[in-house]
Structure formats: C-alpha cells, structure tokens
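Take a look at the structure below.
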2 protein chains.
Amino acid sequence: MSSTCNHSYRGCVAGVPIFNHLEAEDLDEIMKTVHSSTYQKGEHLYHAGDTLGALYIVHKGKVRIYRMNEEGKEQLVRLLSAGDFTGELALFTNKKEEAYAEVVEDAQVCRITQDDLHSFLMQYPTIALKIMQEFATRLDTAETQTALFAQERVETRIAKYLLTCTENNTARLTMTKRDLASYLGTTPETISRRFSDMERSGIIQKQDSRTFLILDQVQLEEL
Amino acid sequence: MSSTCNHSYRGCVAGVPIFNHLEAEDLDEIMKTVHSSTYQKGEHLYHAGDTLGALYIVHKGKVRIYRMNEEGKEQLVRLLSAGDFTGELALFTNKKEEAYAEVVEDAQVCRITQDDLHSFLMQYPTIALKIMQEFATRLDTAETQTALFAQERVETRIAKYLLTCTENNTARLTMTKRDLASYLGTTPETISRRFSDMERSGIIQKQDSRTFLILDQVQLEEL
DNA sequence: AACAAAAATTGACGCAGATCAATTTTCCCA
DNA sequence: TGGGAAAATTGATCTGCGTCAATTTTTGTT
C-alpha cells in the first residue's frame, strides 16, 4: 500500500533537475502543489491504459518503466532513480499511457498535476527549457537505442551497454541480468552465454554477480 | 547548392504546428528572425558531428533523417515533410548531432537560431508547450519503435507499419522499400519476401509499387 | 542458518532472417 | 523517349539467437 500526504516537503522538488535552478521561494511555491507518496516494492505507479493527469518525480528508490506486447512479452524501457520523472506522455498529449511503472525499490514519489504544471510553465519559462532539455536527451537515447537494436548483434549491444556503466575499468550493473536482457531486447540465456564468452576470451572478469572488471577495453569497444 | 534569404515569408512558419496557434502579428514578429533556404535533392541539412545552432523546420519537400554505425550501416530514423522539424538535440543540449539530414525531395527549410528560439520561448510560453507536445509524441514513437524492434518479428513490424499508413483499405508507402527496410531494421530482401508472402496469402494486393490494397485487415492486425 | 523462490547457467535443437548472387523491374533525366 | 542506374525480386545457403529443458547459484526471508 502507498501512503499519501501533501505537506510541503521541499526535498522532493529541490533535488530534481527540472526545478533545482529555481530560487528558494519559487521552490516553496511549487512545493505547495506537490503531492508526495511512498510506495513499496512491487507496487505500480500506473499501468498501460491509464490516463495520467500528473507528472511523477522519483525522489527516492527505483522505478522500472516497462512495456508489454500482446503476447505478454516485456521490454524494459527505463529504470528511474532519484531525480528522474515519468508520465509526460499523458501530460502533454491526450494519449493513454502505454507503459507500466513498477516500484522495484521502496520509493518516494512526488506528483504534480497537469494543471499545476501548466501554470508553472507559464510562470517560469525556464522550467520548460529544462524539461525540453530532458526530452531532447531522452529522445536521443531512445533513437540511439532503436538504432542499436536495428543494426547491432546482441554481443555489441552488451558491449556498448557495459561501456556506459564502466568507471575505473569496472562495470557495475544497476539491474539484474534478467532485466538487462529485457532492456537489450534479448533473453537471459543469451545474456548469460555472451558474458561467459567474454570472460572466456579475457575481455571481462566477474567480481561478483553485478560487478565486472574490464580487462580489455579496446576489444570490448570493437565488438 | 542551396540558396538562402531571410525575407519575411510567413508561409514557412504559419503552417508549422509549433507556431500556427499564434496571432498574425506574433507570427510576423517571428518571421523576421527566420532564415529560409531551398535545398535540392541529395543535399544535406547537416551531418553527424555537426554542432547545430538552429532548429530546422521543413516547409516544403522531404528530408530523410538517418544514422550510421561504424560499419556504415544506415538506419532511417524519420522522414520529415511539411511542418516537421529537426535539430532539437543540439539546440536544447550541448551534444553534437548524431544523425544525418538528407534532402530526398527538393525542399524549402526555415532555420531559427538557438538564441532567437530561446527568447521566443520566454516571450510565448505556449510555444514551449507545443514543442513539448511534439517531443512527448516523438518520445513515445521512438520508444514504441524500440519495443517493436526488441520483441517483434519482421513480419509483425511490417504489418504494424502498413496499418499506420492505411486509409480506406489502401496502404500508400511514403518511402522506397529500401528505406522501409532501413526504417524497420531489416534488409530489402526480407521486405520483399514478406510482401510476397502477404500477397500470396491474400492479405494484401499490390496496386502499384507504392500502393497496396488491404484485403484482410483482421489477419494483418494479428500477424 | 535454513529454506524457498528467483535468477543465472549450460546444453541441444530449430528457425527467422542475414548474406551472397543473379535477374528483372522501375525510375529518372539527358 | 531511350538508356543507364537504382530498386526490387527470387533463390540458395549460413548463422545468430530464441526456445525448451535441466541444473546450479544467488538472494531474500523468517
């Protein structure tokens, strides 16, 4: 069960890229209209088909955005953590939501209604700019992702993904391999095999189930 | 060669969803800052790697937005016609463009510089709303497209695509099958075979090279 | 610590779709 | 309007990856 309250809780909004450039008094203004809820693992923020009237901003925890086709096959679209938002489709168009938002780590989520947001946009045009920045970036990511699916083999997709989450020659996965498979448009079995291949050929080395040492970055890059 | 002029040409802007809700005098205001160019088939508006400082709005003609991977494989991302725009990534973020924009049908294109657009957004917040609407829609399309690639067979992708361009039981392709293959992440050969299959099983019937009669929409929908 | 449930691994097998190659058809534009 | 180039079609072959199935490992819970 999720619990709701609409007290002023500035932290929820202050940490979010869309708003964090505003002055303190403007933030407080916005906070007055924000509804904050906590959700537990397994709960959904929304389902496909819902007509959302609000923007959901994750303040704490993790939320899995996924789609499902007619046969029930899932595709992981995005994994939200603190500062990320969702629900923009129903907010800016009048389409129904096509994705599901499932809490995978106990979360605190702020909601801003469509009407409130629209009036903020008129009042603070810089917010619009921030949102557009976020949109443009996400659009680019989505199109890159599509191109990746369209023209690269699974091995290449994994390699590219690993590189995006590598720091100091160490790749730390933020999700299970099962979710990774779904995100990369393949199966857990194939993910497993490709990881084994890469270990066998000395490109990576398993540290623990979620951490891998990159032994040969050059080779990884040209997969 | 493209020719440029920046005379006031209201038509360029008036027909564009982002601006067409504005009053005539506001339109004229905007028009003053718009640069209009004509391009011939084969010319490029921009290449991957360019740092664009402007939004490109197609007023006439067609523009092919495509990406290319390291091996030179192309993926068609979008086909722009009158009213569509491109260049938003470089405009709202500071990333370099990752796609190519090639004119495939003699085109007239308007350009609005970053600075001008930003000041319009502050002056007319409703423009921002329109752009966000467009972004949200496109984001949804891109994510739908990704999911389509991730979980559906080529036959299904074709079927879904055909349905999007069907009117009165007639599907009219807006691009060559070669481009369609690139758009759907497959090869011309496979496209050809699947179309033949669908004709053989009485689902569609070729009218001319770009037009197909939908004989059995139900079956097409469940492919 | 112990258990159940979820996740991950590995093998065997089959198929959708890519690739290569050879025509045929369509589309321009000179 | 004719000729050359691009696009489309069709066949033959090969392969990456999905599917099914059986364990094994990891994880979270009491």
Side-chain angles (χ1 to χ4, degrees), chain A residues 40-42 62 64 69 71-76 102-106 148-159 172-201 204-212 223, chain B residues 40-42 62 64 69 71-76 79 102-106 148-159 161 172-201 204-212 223:
Chain A
Q40 294 191 315
K41 184 177 170 176
K62 276 186 186 159
R64 220 168 71 94
N69 70 356
E71 291 97 51
K73 251 197 210 170
E74 275 186 23
Q75 144 116 70
L76 180 66
E102 179 196 7
V103 175
V104 288
E105 219 174 73
D106 289 6
L148 204 62
F149 281 28
Q151 40 188 221
E152 310 291 358
R153 298 177 310 160
V154 172
E155 192 173 41
T156 312
R157 292 181 226 162
I158 296 176
R172 164 162 268 104
L173 303 182
T174 57
M175 51 179 114
T176 64
K177 285 195 183 159
R178 170 176 267 264
D179 275 345
L180 183 60
S182 166
Y183 183 65
L184 296 180
T186 181
T187 59
E189 292 95 324
T190 298
I191 290 280
S192 220
R193 286 184 236 276
R194 293 296 95 77
F195 268 86
S196 301
D197 290 350
M198 289 192 285
E199 273 204 85
R200 225 171 289 123
S201 44
I204 60 173
Q205 191 174 50
K206 189 178 189 169
Q207 301 288 87
D208 68 69
S209 68
R210 293 267 186 115
T211 323
F212 296 84
L223 270 188
Chain B
Q40 293 191 316
K41 185 177 167 173
K62 276 186 186 158
R64 219 168 73 95
N69 69 355
E71 289 97 52
K73 249 196 213 171
E74 276 185 21
Q75 144 115 73
L76 181 66
L79 199 57
E102 178 196 7
V103 174
V104 287
E105 216 174 76
D106 290 7
L148 204 61
F149 280 29
Q151 39 188 221
E152 309 291 359
R153 299 177 311 161
V154 171
E155 192 173 40
T156 311
R157 292 181 226 160
I158 296 175
Y161 179 80
R172 165 161 270 106
L173 303 181
T174 57
M175 52 178 111
T176 64
K177 285 194 183 162
R178 169 176 269 265
D179 275 346
L180 183 60
S182 165
Y183 183 65
L184 296 181
T186 181
T187 60
E189 291 95 324
T190 297
I191 289 281
S192 222
R193 286 185 236 275
R194 293 296 94 79
F195 267 87
S196 302
D197 289 350
M198 288 192 286
E199 272 203 86
R200 226 172 286 124
S201 43
I204 61 173
Q205 190 174 50
K206 189 178 188 171
Q207 302 287 86
D208 68 70
S209 67
R210 293 269 184 114
T211 322
F212 296 84
L223 270 186

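The figures here come from the full heavy-atom set of this structure, side chains too, leaving out hydrogens, waters and symmetry mates. A note on names: the letters A, B, ... follow the listed sequences, proteins ahead of strands, and every chain is numbered from 1.
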Euclidean distance, atom CG of residue Asp106(A) to atom P of dG28(D) [Å, nearest integer]: 13 Å
Side chain to side chain contact (heavy atoms under 4.5 Å, CB included) partner of Glu155(B), chosen from Thr186(B), Thr190(B), Leu223(B): Leu223(B)
Using whole Å, report how far CD1 of Ile158(B) lies from P of dT9(D). 11 Å
Whole-Å distance, Asp197(A) CG to dG16(D) C1', equals 12 Å
CZ/Phe149(B) to CD/Gln151(A) distance, rounded to the nearest 0.5 angstrom? 9.5 Å
In whole angstrom, what separates Arg178(B)'s CZ from dA18(C)'s C1'? 15 Å
Distance from Glu189(B) atom CD to Arg178(B) atom CZ, nearest 0.5 Å? 9.0 Å
Do any side-chain nitrogens or oxygens of Arg153(B) fall under 4.0 Å of OP1 or OP2 in dA16(C)? no
Starting at atom CG of Leu76(A), determine the distance to atom P of dA7(C), rounded to an integer number of angstrom. 13 Å
CD1/Ile191(A) to OG/Ser196(A) distance, rounded to the nearest 0.5 angstrom? 11.0 Å
Measure all distances between protein nitrogen or oxygen atoms and nitrogen or oxygen atoms of nucleotides 25-30 of chain C, and list the pairs falling under 3.5 Å.
from, atom 1, to, atom 2, distance (Å)
dC27(C), OP1, Ser209(B), OG, 3.0

d(CD, Glu74(B); P, dA6(D)) in whole Å: 14 Å
Among dT10(C), dA16(C), dT19(C), which is the nearest nucleotide to the side chain of Ser196(A)? dT10(C)
Find the distance between CG (Leu148(B)) and CG (Asn69(A)) and round it off to the nearest 0.5 Å. 9.5 Å
Calculate the interatomic distance between Glu71(A) atom CD and dT19(D) atom P; express it in whole Å. 11 Å
In whole angstroms, how far is the C1' atom of dC17(D) from the CD atom of Glu152(B)? 17 Å
Ring-plane angle category for Phe212(A) and Phe195(A), please: parallel below 30°, perpendicular beyond 60°, tilted otherwise. tilted
Mind running a 4.0 Å heavy-atom check of residues 182-194 of chain B against DNA chain D and sending the residues that fall below it, in number order? Glu189(B), Ser192(B), Arg193(B)
Find out whether Val104(B) and Met175(B) are in side-chain contact, i.e. whether some heavy atom of one side chain is under 4.5 Å from a heavy atom of the other. no
Spacing of CD belonging to Glu74(B) relative to CZ belonging to Arg64(B), to within rounding of 0.5 Å: 5.0 Å
Pair Glu71(A) + Lys73(A), salt bridge at N-O below 4.0 Å: no
